[in-house]
Engineer: 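Sharing a structure with you now.
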2 protein chains.
Amino acid sequence: MKKFVNDPANFVAEMLEGVALANPEMLRYVPEYNLIYRADRPNPDKVSVVQGSGSGHEPAHIMAVGPGMLDAAAPGNVFSAPPVDYCYECIKRLASPKGVLVLINNYQGDRMNWDMAIEMAQAEGINVKSFIIDDDVAVQDSTHTVGRRGVAGNFFVIKACGAAAERGASLDELLRIAQKVNSQVRTMGVALTSCTPPAKGKPIFEIGDDEIEVGVGIHGEPGRRRDKLKPADAIVDELFDAVFNDLPFKSGDRVAVMINGLGGTPISELYVLYRRAAQRCKEKGLTIVRNYVGEYCTSLEMAGASLTLLRLDSELEDLLAAPAEVAVRIF
Amino acid sequence: MKKFVNDPANFVAEMLEGVALANPEMLRYVPEYNLIYRADRPNPDKVSVVQGSGSGHEPAHIMAVGPGMLDAAAPGNVFSAPPVDYCYECIKRLASPKGVLVLINNYQGDRMNWDMAIEMAQAEGINVKSFIIDDDVAVQDSTHTVGRRGVAGNFFVIKACGAAAERGASLDELLRIAQKVNSQVRTMGVALTSCTPPAKGKPIFEIGDDEIEVGVGIHGEPGRRRDKLKPADAIVDELFDAVFNDLPFKSGDRVAVMINGLGGTPISELYVLYRRAAQRCKEKGLTIVRNYVGEYCTSLEMAGASLTLLRLDSELEDLLAAPAEVAVRIF
């Protein structure tokens, strides 16, 4: 294992401390609960939008906390759901009279722990509801999933709900928006390499030097099949067709396109992928209104990428264009 | 070689096409010269700020084109200086009555080609000057360098000059600002792995599973020494001390801190490094005014990072805080 790490048991805590130190004004950090939240939250005039799942997917989701995005994030260990008491503490500290919306990617551990925490919070009179994201078209059920997995499409649910919450939308309104985004977004990924959780010290799966995993999950879950490495355009074509045909998208659709790096793939390669995705969109009659090329939902240092298409309408275009700020600075 | 690539000979062209397709309104792309430039340039009321060096360091420098940053970039092949005619074409197309500033990282190939292009342009009456960046403290001379190498500190020269140019600063004023930034910025990097240029197909250097290269260059140039992998904090300490003592920085300094990923290192690990860097700044009496954690100047998919410190004064703080936009979208 070749990583920048001290004691692997402290990896997540030290990362969170780094994020907090880098954003002393915007964020508060509660080490006992891995909780990262906006310093100016809860705001009684808006719904709090929160998320918590395993670490190792950064910038998702701790670095998606900020104005117009998440109000708080409570991650677990690498690839592990946050414990119930982390989830509960997150809801409790972010409780607002307008409510709390918990966005959950569809993994059994996350669902179970958040559901228990939500029940506990509701029993205390806190107004909290949850929404499940399941945008991965690769497989129907997966290693830790009944139904489809939630992957990079999560970003769009956060962005749309974060923007609407900032404008004062009600909890029910946010649930409607989350549902709309989730119903219109589709993703599939591919891995060129495996990755190594620091505390585990060895790769989560084995893959040959000439192999790729088509439809991989963000915790290394098996995809549709193991294939031989092939040209970038052929890989994009397979991801694109799977995603396009699933909704299905259709000529005339206005879309957002995301090429998401899985952690170890340089941005230069992501733009090679975007080039082909843009060609395919044009060929299919899709108008790309917004594009996102970079790292949004990763699997530690895994080399690989995912392709996401989101069908837009005027409401979603407006929400995606709304101002936002996160705990990852470019400038 | 496990990469998203079609024909390796087209890697740079396809990446540039992807960048252009992703930014149809902001950017223009001239494939014959690898030229990426702002659609609204040249602007006769401002100096054009341009850069061109080898590809493989993305987002540097093609994805640093945008308002408040570079006006144009003309990259060469991976780790190769742009040919003279690319440099010349870049200057010529960006020529403004107020002048053109070429920011050059200190590598012999880049300097030679840009110098020839600048002479050609000057012979035609174009007002163009250049500035050499050499922020890497690791070694005095290097494989392709007389004097120190230019690495991630380049970002701060671009940011400061880009902001000042946007406000109408003269060419001489920009040279003064570039000189100030370069004189106050220091960087050192470390590699955990090598990297593979697509057209070469094999790693640019060999490194053992338990080894790191301390002070590595961004083209894999040897650093100060080969060491055994050690805890993240110990690695940061070595980089920090080398950088801190070089200027030297001193207690009471206000600084910008950058933890720059070299391409294959996930952002989670970069925040583990930032945590220690922030601790060291505090211990040394440095006030961190701005921090930058992410990828700014990479070496393809190399796992590794660099640490940069920039001493600030009120002028530089103001320029770093100025609005900017680049061809890499977060939202």
Side-chain angles (χ1 to χ4, degrees), chain A residues 2-7 11-12 14-19 21-22 55-56 58-59 63 68 78 159 192-193 209-210 212 229 231-233 235-236 263-276 278-279 290-295 298 300-301 303 305 320 323-324 326 328-331, chain B residues 2-7 11-12 14-19 21-22 55-56 58-59 63 68 78 159 192-193 209-210 212 229 231-233 235-236 263-276 278-279 290-295 298 300-301 303 305 320 323-324 326 328-331:
Chain A
K2 229 170 171 185
K3 288 177 178 292
F4 292 117
V5 60
N6 294 299
D7 178 349
F11 180 73
V12 171
E14 291 182 355
M15 166 184 70
L16 294 174
E17 193 183 336
V19 170
L21 284 168
S55 292
E58 294 70 27
M63 298 164 200
V78 171
K159 179 69 182 74
L192 305 192
T193 70
D209 282 347
D210 60 346
I212 62 176
L229 183 62
D233 286 357
I235 293 174
V236 172
T265 289
I267 194 166
S268 47
E269 294 178 40
L270 300 182
Y271 275 98
V272 170
L273 302 181
Y274 180 75
R275 168 186 165 276
R276 182 63 178 171
Q279 290 174 345
R290 296 181 77 83
N291 63 76
Y292 303 78
V293 182
E295 292 177 350
T298 63
L300 297 167
E301 80 283 13
L320 290 189
V326 289
V328 179
R329 186 201 299 280
I330 288 197
F331 298 115
Chain B
K2 227 168 174 186
K3 288 178 179 291
F4 292 118
V5 60
N6 294 299
D7 179 350
F11 181 73
V12 170
E14 291 182 355
M15 166 184 71
L16 294 174
E17 194 183 336
V19 170
L21 284 167
S55 292
E58 293 71 27
M63 298 164 200
V78 171
K159 180 69 183 75
L192 306 192
T193 71
D209 282 346
D210 60 345
I212 60 177
L229 183 61
D233 286 358
I235 293 173
V236 172
T265 289
I267 195 167
S268 48
E269 294 179 39
L270 300 182
Y271 275 99
V272 171
L273 302 181
Y274 180 76
R275 168 187 165 275
R276 182 61 177 171
Q279 290 174 345
R290 295 181 78 82
N291 62 76
Y292 303 78
V293 182
E295 292 179 349
T298 63
L300 297 167
E301 79 284 11
L320 291 189
V326 289
V328 180
R329 183 200 301 277
I330 288 196
F331 300 114

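Proteins come first, then strands; the chains are lettered A, B, ... in the order of their sequence lines, and each starts at number 1.
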Engineer: For B:Gly264 versus A:Glu301, what's the shortest heavy-atom pair and its separation?
Structural biologist: O-CB, 3.9 Å
Engineer: About how many Å separate NZ of A:Lys2 and CG of B:Asp209, when rounded to the nearest 0.5 Å?
Structural biologist: 6.0 Å
Engineer: Side chain, backbone, both or neither: which part of B:Leu192 has an atom under 4.5 Å from a heavy atom of chain A?
Structural biologist: both
Engineer: Hey, which of A:Gly263, A:Pro231, A:Pro59, A:Ser268 has the most heavy atom pairs under 4.5 Å with chain B?
Structural biologist: A:Ser268
Engineer: Is B:Thr298 in contact with chain A via its backbone, its side chain, both, or neither, using a 4.5 Å heavy-atom distance?
Structural biologist: neither
Engineer: Checking heavy atoms, do the side chain of B:Val19, its backbone, both or neither come under 4.5 Å from chain A?
Structural biologist: both
Engineer: Taking side-chain contact (heavy atoms from CB on, under 4.5 Å) as the test, write out the residues that go with A:Ala232, two or more places apart.
Structural biologist: A:Val272, A:Leu273, B:Phe4, B:Asn6
Engineer: What pairs with B:Gln279 under side-chain contact (heavy atoms from CB on, under 4.5 Å), at least two apart in sequence or on another chain?
Structural biologist: A:Glu17, B:Arg275, B:Arg276
Engineer: Ignoring hydrogens, what is the shortest heavy-atom contact between B:Tyr271 and A:Ala22? Give both atom names and the distance.
Structural biologist: CE2-CB, 3.8 Å
Engineer: Specify which of B:Glu295, B:Glu269, B:Glu58 makes the most heavy-atom pairs with chain A at under 4.5 Å.
Structural biologist: B:Glu269
Engineer: Side chain, backbone, both or neither: which part of A:Asp7 has a non-hydrogen atom closer than 4.5 Å to chain B?
Structural biologist: neither
Engineer: Indicate the atoms forming the closest heavy-atom contact of B:Leu21 with A:Ala278, along with that distance.
Structural biologist: CD1-CB, 4.0 Å
